[in-house]
Amino acid sequence: MGATNAKTFFSTRLLEWYRRHKRDLPWRRSRDPYYIWISEVMLQQTRVETVIPYFHRFVDRFPTVEALADAPEEDVLKAWEGLGYYSRARNLQAAVREVKERYGGRVPDTPEAISSLKGVGPYTAGAVLSIAYNKPEPAVDGNVMRVLSRYFLLRDDIAKPSTRAGIERLARELIPEGEAGDFNQALMELGATVCTPKSPHCLTCPVMDLCAGRLEGVENELPVKTKAKPPRPERRAVAFIEGEGAETGKVLARQRPKDGLLARMWELPHVKLPDAAPEGAYGGEADDDGAAIRMLRERLLAEYGLVVEPLGPMMDAEHTFSHIQWRMRVFRCRFAGWADKPGTEARAEAAAAEAEAAGSAESDGDREEPFRWFGRREMEQYAFPNVFLRILKEAGRL
DNA sequence: AATTCGGGGCC
DNA sequence: GGCCCAGAATT
């Protein structure tokens with residue numbers, strides 16, 4: 001009976017609180033399932049403040065399911081540039097195309113149908129169904145796991161899938177009749193603005209009276225979450241290749257393979273160097289630039305049939321992904337052409353090796369020429385990962 | 001169950 | 001520097 005009261009209290013109070021305190025967010029001004037969906041995909045692992053400008057630009061450029069379905073993929077990727085997790089963009093467009101074909105352009109409103117769409121997992125399915133259609137489905141994200149772990153004093157490791165599943169069952173029970181959309185948003189809103197990861201603002205919390213974590217004085221110890229392992233360092237040598245003659249003022253860039261990290265984005269050509277000795281990775285000083293320069297020239301030739309003369313180091317850059325850390329040294333290079341006969345073989349071989357390295361099952365097929373000269377105009381059209389945008393900016397090319 | 005997928009803001 | 005963020009797909 002006490003537990004029931006705690007649950008009813010929680011849902012009732014939270015809903016009241018939300019109606020008074022909810023933030024005015026762009027996607028809350030619409031009830032269009034397509035807009036709700038876009039916002040939820042953008043919000044995966046991404047903060048609200050980061051998403052807002054992207055959301056505006058995206059719906060302005062792709063205002064309808066039809067518009068997004070019919071757009072060139074490159075345009076969609078460009079609109080996503082800087083947001084990260086680029087498979088979200090490609091999956092979203094693939095899913096929207098399916099909605100257009102199979103559902104006549106209407107975002108499906110059943111768990112089975114919407115969950116079958118690319119990029120729509122348990123969270124996004126529940127979020128769209130509840131927010132757009134007010135269906136009583138849970139939408140459990142990191143906020144919800146944190147809030148419920150504290151309120152119900154759950155010590156399970158939220159990094160485990162089984163824990164998320166359990167919290168999902170609990171969250172489903174808590175949904176007040178006919179209020180799924182607001183309740184789910186209320187839960188997330190509380191996590192984002194009050195029940196924050198560090199130093200939660202318990203004194204302003206609408207449910208602090210019956211919060212078990214608070215009553216036990218362990219709100220700061222919850223939720224329990226195992227730490228991710230640190231990213232592995234990789235040294236990389238980058239080629240900054242300037243054009244001559246007709247290509248003066250331009251820089252040579254290549255498109256990444258269609259699978260794996262930063263799939264299909266454009267980048268400055270670069271090669272992975274052997275792991276550094278413990279004490280001299282880039283960021284340190286006098287690493288052996290000679291060896292790096294040799295590797296850079298040899299690997300660009302072997303992998304792409306690209307002939308360059310590295311001139312000297314230009315700048316260093318570092319970029320950390322979730323699982324890899326790139327420690328890069330950029331070398332200014334002179335373009336010396338493309339290798340002929342042996343080059344084409346080497347290039348095909350490299351393409352195969354690359355596809356394999358990227359974990360791709362596909363056998364390459366007819367992919368486009370992956371190199372192109374970029375001036376400012378082209379940069380505005382094609383998507384580059386942030387780390388290369390930074391390098392290009394520092395080099396005065398943006 | 002563990003990895004692979006970006007990037008930034010905040011303490 | 002560490003942590004986490006309105007997670008999903010793949011292995």
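Atoms considered below: every heavy atom in the structure, side chains included; atoms not considered: hydrogens, waters and symmetry mates. Every chain is numbered from 1, with letters handed out A, B, ... down the list of sequences.
- Across all strands shown, A/Ile36 has no heavy atoms under 4.0 Å from either base or sugar-phosphate atoms.
- Among the protein residues, A/Leu187 comes within range of no part of the nucleic acid, since none of its heavy atoms lies under 4.0 Å from any strand.
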What pairs of donor and acceptor atoms, side-chain ones from residues 163-171 of chain A against any protein atom, are under 3.5 angstrom apart with sequence neighbours left out?
from: A/Thr163; atom 1: OG1; to: A/Asp157; atom 2: O; distance (Å): 2.7
from: A/Arg164; atom 1: NH1; to: A/Glu168; atom 2: OE2; distance (Å): 2.6

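- Of all heavy-atom pairs spanning A/Ile36 and A/Ser30, the tightest one is CD1-O, 3.7 Å.
- If A/Lys227 and A/Arg28 are placed on DNA chain C by their nearest nucleotide, the residue sitting closer to the 5' end is A/Lys227.
- The interatomic distance linking A/Trp80 (CH2) with C/dG7 (P) rounds to 13 Å, in whole Å.
- C/dT11 and B/dG6 are spaced 15 Å apart, taking the P atom of each and rounding to whole Å.
- A donor-acceptor pair is defined here as one N or O able to donate and one able to accept, closer than 3.5 Å; such a pair exists between the side chain of A/Ser115 and the backbone of A/Pro111.
- Applying the side-chain contact (heavy atoms from CB on, under 4.5 Å) test to A/Thr110 and every residue at least two apart in sequence or in another chain returns A/Glu112, A/Ala113.
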All N/O pairs under 3.5 Å across the protein-nucleotides 1-4 of chain B interface:
none

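- Put simply, the side chain of A/Arg329 does not reach to within 4.5 Å of the side chain of A/His270, judged on heavy atoms.
- The interatomic distance linking A/Arg90 (CZ) with C/dA8 (P) rounds to 16 Å, in whole Å.
- For A/Arg264 and B/dC5, the CZ to P distance is 15 Å, given to the nearest whole Å.
- As rounded to whole Å, 12 Å separates atom P of C/dA6 from atom CZ of A/Arg88.
- Shown here are the side-chain contact (heavy atoms from CB on, under 4.5 Å) partners of A/Val59, two or more places apart in sequence or in another chain: A/Tyr35, A/Ile38, A/Phe55.
- Checked against a 6.0 Å centroid threshold, the rings of A/Tyr304 and A/Trp338 do not count as neighbours.
- Ring centroid separation for the pair A/Phe321 and A/His319 comes in under the 6.0 Å cut-off.
- A/Leu77 places its CG atom 15 Å from the P atom of B/dC5, with the value rounded to the nearest Å.
- Every residue was checked against the salt bridge (charged side-chain N to carboxylate O under 4.0 Å, His left out) condition with A/Arg376, not counting sequence neighbours, and none meets it.
- Listed by residue number, the members of residues 92-101 of chain A with any heavy atom below 4.0 angstrom from DNA chain B form an empty set.
- To the nearest angstrom, P of B/dG6 lies 16 Å from CZ of A/Phe384.
- Residues A/Thr124 and A/Gln44 have side chains in contact (heavy-atom distance under 4.5 Å, counting atoms from C-beta outward).
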Without placing hydrogens or testing angles, list every side-chain donor-acceptor pair under 3.5 Å for residues 387-398 of chain A, not counting sequence neighbours.
from: A/Arg390; atom 1: NH2; to: A/Glu318; atom 2: O; distance (Å): 2.8
from: A/Arg397; atom 1: NH1; to: A/Gly249; atom 2: O; distance (Å): 3.0
from: A/Arg397; atom 1: NH2; to: A/Glu242; atom 2: OE2; distance (Å): 2.2

Fill in: Test log, rule salt bridge (charged side-chain N to carboxylate O under 4.0 Å, His left out), inputs A/Arg29 and A/Asp24
CA-CA 8 Å; A/Arg29 297 189 164 202; A/Asp24 177 23; 2.5 Å; yes
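- Applying the ring pair (Phe, Tyr, Trp, His ring centres under 6.0 Å) definition to pairs two or more places apart or across chains, none involves residues 87-136 of chain A.
- Dashed line: the shortest gap from a side-chain N or O of A/Asn386 to OP1 or OP2 of B/dG6 is not under 4.0 Å.
- At a threshold of 4.0 angstrom between heavy atoms, the contacts of A/Gly82 are confined to the sugar-phosphate backbone, with no base atom among them.
- Considering A/Phe384, A/Tyr382, A/Tyr86 as possible partners of A/Met265, the one that fulfils the side chain to side chain contact (heavy atoms under 4.5 Å, CB included) test is A/Tyr86.
- Membership of the apolar cluster around A/Val218 extends to A/Leu153, A/Leu222, A/Val224, as traced through chained side-chain contacts below 4.5 Å between ILVMFWY residues.
- Ring geometry for A/Phe335 versus A/Trp373: interplanar angle over 60°, hence perpendicular rather than tilted (30 to 60°).
- Atom CG of A/Leu83 and atom C1' of B/dG8 are 11 Å apart (whole Å).
- A/Phe331 and A/Phe240 have their aromatic ring centers separated by at least 6.0 angstrom.
- Across all strands shown, A/Pro385 has heavy atoms under 4.0 Å from sugar-phosphate atoms exclusively, and none from any base.
- No side-chain donor from either of A/Asn91 and A/Arg88 sits under 3.5 Å from a side-chain acceptor of the other.
- If you check residues 109-147 of chain A against DNA chain B, you find no residue with a heavy atom closer than 4.0 Å.
- Nucleotides C/dA8 and B/dG9 have their C1' atoms positioned 23 Å apart, rounded to a whole Å.
- Taking the C1' atom of each, B/dC5 and C/dC5 are spaced 15 Å apart, rounded to whole Å.
- Put simply, A/Tyr85 has no side-chain N or O that comes within less than 4.0 Å of OP1 or OP2 on C/dA9.
- Within 3.5 Å, a donor on the side chain of A/Arg23 pairs with an acceptor on the base of C/dA6, or the reverse.
- To the nearest angstrom, P of B/dG8 lies 15 Å from CD of A/Gln325.
- Near DNA chain B, defined here as any heavy-atom distance below 4.0 Å, there are no residues from residues 192-206 of chain A.
- Residues of residues 42-62 of chain A that place a heavy atom closer than 4.0 Å to DNA chain B, in numerical order, are A/Gln45, A/Thr46, A/Arg47.
- Listed pair A/His319 / B/dG6 fails the phosphate criterion, with no side-chain N or O lying under 4.0 Å from OP1 or OP2.
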